[in-house]
Participant: 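Here it is: the structure, laid out below.
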Amino acid sequence: MPDPTGPSNPSVKRACDCCHKRKVKCIGDGTRPCKNCTAAGLTCTYNAIPQKKGPKGSRAKVISELRETQRQSQLAARARHGLGFEASQYANAFSRTPELLSVELITSCVDFFFAKMYPTQPIIHRQKVGETIGQMDNSTEAYCLIAALCGYMLIQPNLTLPAGIIPDQELPQSKVNMGQTLLEEAIRVRKGYDYIETPSIWSIITSFFFFGSYFCLDKHNTAWFHLREATTLAQLLSMHEESHYAGDAVEAARRRRLYWLLFITER
DNA sequence: TTATTCGGAAATTAAAAACA
DNA sequence: GTTTTTAATTTCCGAATAAT
């Protein structure tokens with residue numbers, strides 16, 4: 001429809017519902033019915049509730065996310081081109097922070113897990129956890145599983161630790177902060193290992209611990225993301241097929257419990 | 001030919017960040 | 001406090017298409 005008012009005319013402060021839908025200039029300057037509706041024989045209404053304009057949330061967050069994404073992809077590209085110095089920096093992005101996990105901290109957290117969490121989450125055997133701890137030094141997956149387990153336990157409100165295990169232990173928030181640090185460490189270090197292409201039972205349990213942790217921290221979107229991740233990894237390991245459970249009967253029973261726990265939690 | 005649709009540019013608006 | 005920057009929404013231009 002040609003616009004008799006011309007292109008230089010300022011925009012009307014509010015277009016009626018029909019003109020908005022039709023994407024045409026609402027002629028009549030707020031009068032009801034507007035000229036377009038009159039010409040088309042339409043009921044001219046202003047029922048639509050306008051949305052709030054302008055940015056939502058923190059802009060800095062969006063920008064920093066974009067910067068981080070670009071930084072990561074640049075580092076990855078340089079690493080692929082074999083630039084020695086940059087490549088080593090890229091590797092450092094996933095390197096461990098050894099001072100975070102002391103033997104005492106691991107022991108306390110594992111004890112707490114088997115005392116308080118195991119009854120509702122019987123997904124790992126105590127002996128297997130011991131073996132996993134033993135393999136932490138030469139297995140990224142083992143390290144991430146233990147870091148995730150400790151992080152998960154540290155954010156539990158009723159966990160008590162022997163004195164001097166973590167910095168500023170007497171402060172009320174220190175355990176939760178330390179827990180979050182460990183979760184971030186596990187997620188960061190795990191990125192340096194291709195657990196998606198070559199998943200193991202450790203990968204699934206680690207993702208499940210991330211789910212539990214972020215759920216406790218009220219980060220529900222992140223939590224559901226990790227639960228879905230755990231379920232997908234279980235699918236990749238064919239845990240939905242009976243053939244997966246051949247062999248060691250005790251281990252098979254534990255794996256079944258893990259699979260069903262994932263299945264039920266996702267409902 | 002005239003009428004209608006709709007992709008997307010431009011204008012508008014509001015919130016966050018920067019500045020004084 | 002004010003100004004600037006940024007991001008979200010709204011208006012509606014105008015090319016493409018449909019109807020007559």
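Values reported hereafter were calculated over all heavy atoms of this structure, with side chains retained and with hydrogens, waters and symmetry mates removed. A note on names: the letters A, B, ... follow the listed sequences, proteins ahead of strands, and every chain is numbered from 1.
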Participant: Measure from NZ on A:K21 to P on B:dC6 and round the result to the nearest Å.
Facilitator: 9 Å

Participant: For the pair made of CZ in A:R22 and P in C:dG14, what is the distance, rounded to whole Å?
Facilitator: 17 Å

Participant: Would you say A:F225 and A:L261 are hydrophobically clustered, going by side-chain heavy atoms of ILVMFWY under 4.5 Å?
Facilitator: no

Participant: NZ of A:K53 versus P of B:dA14: gap in Å, rounded?
Facilitator: 7 Å

Participant: In dot-bracket, 5' to 3', how would DNA chain C read with Watson-Crick or G-U wobble pairs under 3.5 Å, [ ] for crossing ones and | for pairs to another strand?
Facilitator: |||||||||||||||||||.

Participant: Check the pair A:V110, A:I133 against side-chain contact (heavy atoms from CB on, under 4.5 Å), reporting the backbone distance first and the verdict last.
Facilitator: CA-CA 10 Å; A:V110 170; A:I133 294 167; 4.3 Å; yes

Participant: Between B:dA3 atom P and A:I27 atom CD1, what is the distance in whole Å?
Facilitator: 13 Å

Participant: Does A:K23 get its side chain close enough to the base of C:dG14, under 3.5 Å, for a donor-acceptor pair?
Facilitator: no

Participant: With a 4.0 Å cutoff (strictly under), does any side-chain N or O of A:H20 reach OP1 or OP2 of C:dT10?
Facilitator: no

Participant: Tell me if the aromatic rings of A:F210 and A:H226 count as close, with their centers under 6.0 Å from one another.
Facilitator: yes

Participant: May I ask you to decide whether A:E229 forms a salt bridge with A:R190, counting only side-chain N to carboxylate O separations under 4.0 Å?
Facilitator: yes

Participant: Do NZ/NE/NH1/NH2 and the carboxylate oxygens of A:D111 and A:R126 come within less than 4.0 Å?
Facilitator: yes

Participant: With respect to the side chain of A:A15, which nucleotide from B:dC6, C:dT11, C:dA8 is positioned closest?
Facilitator: C:dT11

Participant: I need the CZ-P distance between A:R14 and C:dT11, as an integer number of Å.
Facilitator: 7 Å

Participant: Roughly how many Å is it from CG in A:N36 to P in C:dC13, rounded to a whole number?
Facilitator: 10 Å

Participant: Looking at A:K52, does any N or O in its side chain come under 4.0 Å of the phosphate oxygens OP1/OP2 on B:dA15?
Facilitator: yes

Participant: Please find the pair of heavy atoms, one from A:G179 and one from A:L154, that lie closest to each other, and give the distance.
Facilitator: CA-CB, 3.6 Å

Participant: I need the NZ-P distance between A:K25 and C:dC12, as an integer number of Å.
Facilitator: 4 Å

Participant: Taking the six-membered ring for Trp and the full ring for Phe, Tyr or His, determine whether the centres of A:Y214 and A:H220 are under 6.0 Å apart.
Facilitator: no

